[in-house]
Amino acid sequence: MMFDLPDSKTLYDALVARDASYDGRAYVGVSSTGIFCRLTCPARKPKYENCQFFATPGACIEAGFRACKRCHPLNAAAGNDPLVRRLLEALEARPSYRWREEDLVAMGADPSTIRRAFKRQFGMTFLEMARQRRLREGFTTLSAGQSVISAQLEAGFESPSAFRAAFARLVGIAPGQFRKDAQLLADWIETPLGAMVAVACQHKLHLLEFADRKALPREVAKLQKRQPGGIGFGRPEVVDQAAEELGAYFTGRAARFDTPLAYHGTAFEAEVWRALREIPVGQTRSYGALAQSLGRPGSSRAVARANGANQIAVMIPCHRVLGADGALTGYGGGLWRKQRLIEIERDLSAATG
């Protein structure tokens, strides 16, 4: 059963103490290893800045983490259900296999029963869990410059059309639409809060979003429509610069972003995004206060909409805007990330102040 996670520092203290009261209620993803664990894992404890916390194993998998082979978080979450354990073992043995409901029936399982059991225990179905692993492997292959067919085979899809359809759902455009001569190039940036998709030309960063954001397909498709030259795979120097600055940010060394940004929005949206970048590190604003600073009192709803339209996470810090009562409000990357970003910036402010 899911519950509201406490702040990251409380969870990190629980991880260090191997607090059994959090077992099955919280999990830690370690960015330096790409693995997620139970908080009671006996392995050597990671640094705080390399940790991100989740309420379910499914959320860990969606963020790109693999299950730890020491504490076996998936087996622990499976409880005493022997069929669920059997399916997890089968997935581990064949991670690139394209699992179907027919396979579940062949194993003596009722697909609807399995669907409910996995959703209850992991926050996703068994077939969704298998698909997430395959898609991540396929994207990695494409980013390395290999063909769509190679990526399709690496991800375990039997037909190109099935892979293209699944890939399109993840990033908004089918892999066959990625062009070798494109002006905009897409790649991954790994962060302690999960992988981010970066799209840039040789001069500016056009998009930076967490890979599991639900709006990512729509944002990538919109960006592709704006650019007649399409989007390809690659890593311009602008993305290297962004990755270096994000690395300094997440390790608490600096909160300065000089990466040149491209604003794809209306004049008002661009005005709001610039105002967001002027909010000092470690501070927050309400939508009303931000509207007031722009000389537009009463436009807090329009400011909120512009905030939500931001396609460059972290560097355009829409996470610094809270509700009028100081509560966390909607954030495309997830409220747990918003909380963590605010904590990171408060620590940075305290260290430099």
Side-chain angles (χ1 to χ4, degrees), residues 168 170-173 177 182-187 189 191 196-232 236 238-239 241-242 245-246 249 255-281 283-323 328-335 337-338 341-342 345:
L170 178 67
V171 297
I173 54 177
Q177 293 179 275
Q183 294 182 351
L184 294 181
L185 302 176
D187 203 353
I189 296 177
T191 82
M196 303 185 79
V197 173
V199 179
C201 65
Q202 297 298 327
H203 308 289
K204 292 184 178 181
L205 183 67
H206 293 250
L207 181 143
L208 181 68
E209 288 286 14
F210 289 101
D212 58 355
R213 183 178 181 183
K214 292 182 179 179
L216 179 62
R218 183 175 68 251
E219 292 180 350
V220 174
K222 184 170 64 175
L223 188 60
Q224 184 195 34
K225 188 175 181 180
R226 285 174 172 266
Q227 300 297 318
I231 299 176
V238 170
V239 175
Q241 179 180 351
E245 291 175 353
L246 287 169
Y249 173 85
R256 181 184 177 92
F257 295 111
D258 294 321
T259 301
L261 307 179
Y263 292 160
H264 293 285
T266 65
F268 175 73
E269 287 172 337
E271 184 181 7
V272 172
W273 299 337
R274 292 188 183 94
L276 289 171
R277 302 193 76 186
E278 293 175 1
I279 300 174
V281 175
Q283 296 185 24
T284 56
R285 298 285 188 274
S286 67
Y287 294 111
L290 192 59
Q292 188 74 33
S293 71
L294 292 169
R296 298 172 180 266
S299 64
S300 56
R301 289 186 179 180
V303 167
R305 286 193 296 270
N307 206 57
N310 173 33
Q311 293 188 175
I312 301 178
V314 183
M315 293 188 173
I316 296 179
C318 52
H319 58 271
R320 294 178 189 166
V321 184
L322 306 178
L328 294 180
T329 53
Y331 183 65
L335 290 182
R337 280 198 180 101
K338 185 169 187 172
L341 291 169
I342 290 172
E345 295 189 354

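Side-chain atoms are counted along with the backbone in the values below, which use heavy atoms only and exclude waters and symmetry mates.
Between the side chain of Lys204 and the backbone N or O of Tyr263, no donor-acceptor pair lies under 3.5 Å. Remark: the backbone N or O of Glu209 is not paired with any side-chain donor or acceptor of Arg213 at under 3.5 angstrom. Although no hydrogens or angles enter the test, the distance criterion places no donor-acceptor pair under 3.5 Å between the side chain of Glu269 and the main chain of Ala309.
You'll find the side chain of Tyr249 stays beyond 4.5 Å of the side chain of Met315, heavy atoms only. For the pair Glu278/Pro317, no side-chain contact is recorded, criterion being any heavy-atom separation below 4.5 Å from C-beta on. Here the side chains of Val321 and Val303 are not in contact, with every heavy-atom distance at 4.5 Å or above. Contact check for Val281 versus Arg256: no side-chain heavy atoms found under the 4.5 Å cut-off.
One distance of note links CD1 of Ile231 with CG of Leu223; it measures 4.5 Å at 0.5 Å rounding. Rounded to the nearest 0.5 Å, atoms OH (Tyr331) and CD1 (Ile342) are 9.5 Å apart. Atom CG of Leu205 and atom CD1 of Ile189 lie 7.0 Å apart (nearest 0.5 Å).
Sequence neighbours left out, the pairs with a member in residues 301-321 that pass side chain to side chain donor-acceptor pair (under 3.5 Å) are Lys222-Gln311, His319-Glu345, Arg320-Glu345.
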For residues 286-297, which side-chain N or O atoms pair as donor and acceptor with protein atoms under 3.5 Å away, sequence neighbours left out?
| residue | atom | partner | partner atom | Å |
| --- | --- | --- | --- | --- |
| Ser286 | OG | Ala289 | N | 3.0 |
| Tyr287 | OH | Thr329 | OG1 | 3.3 |
| Ser293 | OG | Leu290 | O | 2.7 |
| Arg296 | NE | Glu271 | OE1 | 3.4 |
| Arg296 | NH2 | Glu271 | OE1 | 3.2 |

Before you tell me yes or no, could you show the steps for Leu207 and Leu184 under side-chain contact (heavy atoms from CB on, under 4.5 Å), namely the whole-Å CA-CA distance, both residues' side-chain angles and the distance that decides it to 0.1 Å? CA-CA 10 Å; Leu207 181 143; Leu184 294 181; over 6 Å; no

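Counted within 6.0 Å of CD on Gln183, heavy atoms from surrounding residues, nucleotides or ligands total 12 or fewer; the atom is thus considered open.
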